[in-house]
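Working notes, structure below.
Throughout, protein chains are lettered first and strands after them, A, B, ... in sequence-line order, and every chain is numbered starting at 1.
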There are 2 protein chains.
Amino acid sequence: TLAMPAIAQSMPEIKWRLASSFPKSTDAIFGSSELFAKTVSEATDGKFQIQVFPAGELVPPLQVLDAVQNDTVEITHTASYYFIGKDLTFAIATSLPFGLNTRQQQAWILQGGGLELFNDFLANYNAVMLLGGNTGTQMGGWFRNEINSVADLKGLKFRVGGVGGKVLSALGVVPQQIPAPDIYPALEKGTIDATEWVGPYDDERLGLYQVAKYYYYPSFWEGSSALQYMINKKKWDELPQAYKAVLKAAAALANDDMTAAYDARNFAALKRLVAQGVQLRPFSREILDAAYDAAFKLYEDEAAKNPAFKKIYEPWKQFRAESYQWFRVAEYNFDSYVYSQQAAGK
Amino acid sequence: TLAMPAIAQSMPEIKWRLASSFPKSTDAIFGSSELFAKTVSEATDGKFQIQVFPAGELVPPLQVLDAVQNDTVEITHTASYYFIGKDLTFAIATSLPFGLNTRQQQAWILQGGGLELFNDFLANYNAVMLLGGNTGTQMGGWFRNEINSVADLKGLKFRVGGVGGKVLSALGVVPQQIPAPDIYPALEKGTIDATEWVGPYDDERLGLYQVAKYYYYPSFWEGSSALQYMINKKKWDELPQAYKAVLKAAAALANDDMTAAYDARNFAALKRLVAQGVQLRPFSREILDAAYDAAFKLYEDEAAKNPAFKKIYEPWKQFRAESYQWFRVAEYNFDSYVYSQQAAGK
């Protein structure tokens, strides 16, 4: 019949490999990428299969973009700020210190021009992106001793990466790069003084509360932390229209699932941590103010010398100013009131 | 060939009609339902077509659930709290006064057991639901005169519906039900003293700032306002697995799109309104406290007499307490700091 060739063309059998930057143990993240792949398969009656590999099985976690760029794998689930060694611009899609919260970051990407700007930028790496979930505001991490002033940060060996590490080094911190399995022994022996990871749900598994009892908040360097699916551009362009639609929609489902998983699970973990004697501490205003100034100096310096950064940073900064002004009105006042009622036991 | 019958079974041609509760003019909402239908069509190569009808074209906006229940239409895009005349339980899926913010509501539905509870409840109406976007915290509305105390609310003719109207009537407000096109003349003539609608982006189009200059915040009765796609259960159950996966994923894409549209567009509208002389006013603590007490008295009274409400309200209340405790730590402190920096001009 005439229908056969059309069906065969529009729904071809395709197999992709997804190299995740995350281990199975960060299951809110890894589980969402499995949901993504499962949805793609179901929606195409099994014709479009994406096999999901945890960090390190196919390629090391920080080389996933190279693997996508070279078509070693077709797709990755990653955090774009892992690639600031290539260009600081990558950080903006995940998080800049003192940047956008989860809702604002998502609005900027989906409806504020962010996605178009980033896909232009990613074309230099043969990649296109889709949103891949957000952890929400992270915690500031685990400290062996209390940190009250900027003076307390001088010489502090703090396992913290990315732009957060750059900002903190301007305050005297000595940022450390240590893979997850080595964090606990390093903190226990005092090789490092502090470490950050994600938030209560993921941090609890590392057992850090047993060797550092001060748990600081918030991670001012990750007011939100957005992940991405990055896809080899040639492979994306070759897909039938139907499969592009399926990928976009399945990524949105996984995006919502991951953020909701963190939002629904962090509380119980935090409660267990506090029951173990963990001491919650806010960063002092002095520290926040010094970090804020250092962060924006870093961005302005970068924008002055890196046109790719400037091209995305400037509209991002404008969107940030505008979205803060709006969110400060209804959203923030609602939250403030209901949280104050809870604090008063009502 | 053997392949033909399988393809024909798994990708049948289906046409559905979606009756929206919303007019085209609320384009952040209506546009997201069009994106939903477009995505379903593209993902199925045009085999699954959903035709989207604005409010009133097929059925009146508040009778869309009846139409789904009776299979007059297969699907609606609506706000479940429109149906509190049938059962107050419907309100919980959209918003209870002093309830969950957008992130918390979504986490409760997707990862907190909310979706399962609601689909059990909706089985009584031959329906199943998917998330359909959120407006974020709404504004408290337009008032001809300043409202400072609970005494100022006595006898106030306020166009406000749903559970918000019930709570405010306990404070002496006389809630009014007026369709959108009639709001402006009623407010101009003083037939009503105040009206609420959504937020800056939608409110601006109604022109209300020309006849009531005090714009209050936040809508404590809609800390967030979640919409739903509700689908006739028999029609849902009959779908091939692939189409169910497509619908779930396409709804998630539309869900993200709608929330992002409001989050990205409200600022510019608010700025234009303020430039027109609109006076922003927060509701006073006295009013908020009185409304808070009235709201929880209403919920507890309803739970005592309505087992369906109690079955969903109690786990919702528990989730609310827990998510407030977590969000108050990292998320709220991040927002507080960056907003305070902006307020200080930094």
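Taking the centre of each ring, Tyr332(A) and Phe327(A) stay at or above the 6.0 Å mark.
The parts of Ala343(B) that come within reach of chain A are both its backbone and its side chain, each placing non-hydrogen atoms under 4.5 angstrom from that chain. Interface remark: Asp293(B) contributes no atoms to any contact with chain A (heavy atom separation under 4.5 Å). Neither the backbone nor the side chain of Ala254(B) comes within contact range of chain A, judged by heavy atoms closer than 4.5 Å. In this structure, chain A has a heavy atom under 4.5 Å from the side chain of Leu270(B), while its backbone stays farther away. Proximity to chain B involves both the backbone and the side chain of Phe334(A), based on heavy atoms less than 4.5 angstrom apart. Contact of Phe319(B) with chain A is made through the side chain alone, with heavy-atom distances under 4.5 Å. Both the backbone and the side chain of Phe267(B) come within less than 4.5 Å of a heavy atom of chain A. Looking at Ser219(B), the atoms closer than 4.5 Å to chain A (heavy atoms on both sides) all sit in the backbone: N, CA, C or O. Of the two parts of Gln138(B), only the backbone, made up of N, CA, C and O, holds a non-hydrogen atom closer than 4.5 Å to a non-hydrogen atom of chain A.
Here Arg328(A) is the residue among Glu42(A), Arg328(A), Arg320(A) with the most heavy-atom pairs under 4.5 Å with chain B. Each of Leu131(B), Thr259(B), Leu280(B), Val329(B) has some count of heavy-atom pairs under 4.5 Å with chain A, and the biggest count is that of Val329(B). Interface summary for chain B: among Met139(A), Gln106(A), Lys346(A), Gln325(A), the most heavy-atom pairs under 4.5 angstrom belong to Gln325(A). Across Tyr216(B), Phe98(B), Trp108(B), the residue that shares the most heavy-atom pairs under 4.5 angstrom with chain A is Phe98(B). Ranked by heavy-atom pairs under 4.5 Å with chain A, the first of Ala321(B), Ser323(B), Ala261(B) is Ala261(B). Per-residue counts of heavy-atom pairs under 4.5 Å with chain B were compared for Asn333(A), Leu288(A), Asp335(A); the largest is that of Leu288(A). Counting heavy-atom pairs closer than 4.5 Å to chain B, the top-ranked of the candidates Gly140(A), Ala242(A), Gly99(A) is Ala242(A). When the candidates Asp289(B), Leu247(B), Val40(B), Ile109(B) are compared by the number of heavy-atom contacts under 4.5 Å with chain A, Asp289(B) comes out ahead. For the set Gly46(B), Ser340(B), Ala43(B), Ser41(B), the entry with the most heavy-atom pairs within less than 4.5 Å of chain A is Ala43(B). Among Ala250(B), Pro200(B), Pro282(B), the residue making the largest number of heavy-atom pairs under 4.5 Å with chain A is Pro200(B). Top candidate by heavy-atom pairs under 4.5 Å with chain B, chosen from Tyr217(A), Tyr262(A), Tyr339(A), is Tyr339(A). Contact count against chain B (heavy-atom pairs under 4.5 Å) is highest for Ala249(A) among Ala251(A), Ala268(A), Ala264(A), Ala249(A).
Listed for the Ser224(B) side chain is a donor-acceptor partner under 3.5 Å among the backbone atoms of Leu100(B). Checked by atom type and distance alone, the side chain of Thr94(B) never pairs as donor or acceptor with a backbone atom of Leu227(B) at under 3.5 Å. Formation of a donor-acceptor pair under 3.5 Å by the Asn266(B) side chain with backbone atoms of Tyr201(B) is found in this model. The backbone N or O of Met11(A) lies less than 3.5 Å from no partner atom in the side chain of Thr44(A), so there is not a single donor-acceptor pair.
The number of heavy-atom neighbours closer than 6.0 Å to NZ of Lys248(B), taken from other residues, nucleotides and ligands shown, is 12 or below.
The aromatic rings of Phe283(A) and Phe220(A) stand perpendicular to each other, their planes meeting at an angle above 60°, with 30° marking the opposite boundary.
The residues Lys38(A) and Glu34(A) are annotated as not salt-bridged, no charged nitrogen and carboxylate oxygen being separated by less than 4.0 angstrom.
If you take OH on Tyr324(A) and CG on Asn101(A), they are separated by 7.5 Å, rounding to the nearest 0.5 Å.
Of the N and O atoms on the side chains of Asn255(A) and Tyr229(A), not one donor lies less than 3.5 Å from an acceptor on the other residue.
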Apply the test side chain to side chain donor-acceptor pair (under 3.5 Å) to residues Tyr209(B) and Asp203(B): give CA-CA distance (whole Å), side-chain angles for both, the deciding distance (0.1 Å), then the verdict.
CA-CA 9 Å; Tyr209(B) 61 91; Asp203(B) 290 10; over 6 Å; no
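The salt bridge (charged side-chain N to carboxylate O under 4.0 Å, His left out) test with Glu204(A) singles out one residue from Arg272(A), Arg265(A), Lys271(A), and that residue is Arg272(A).
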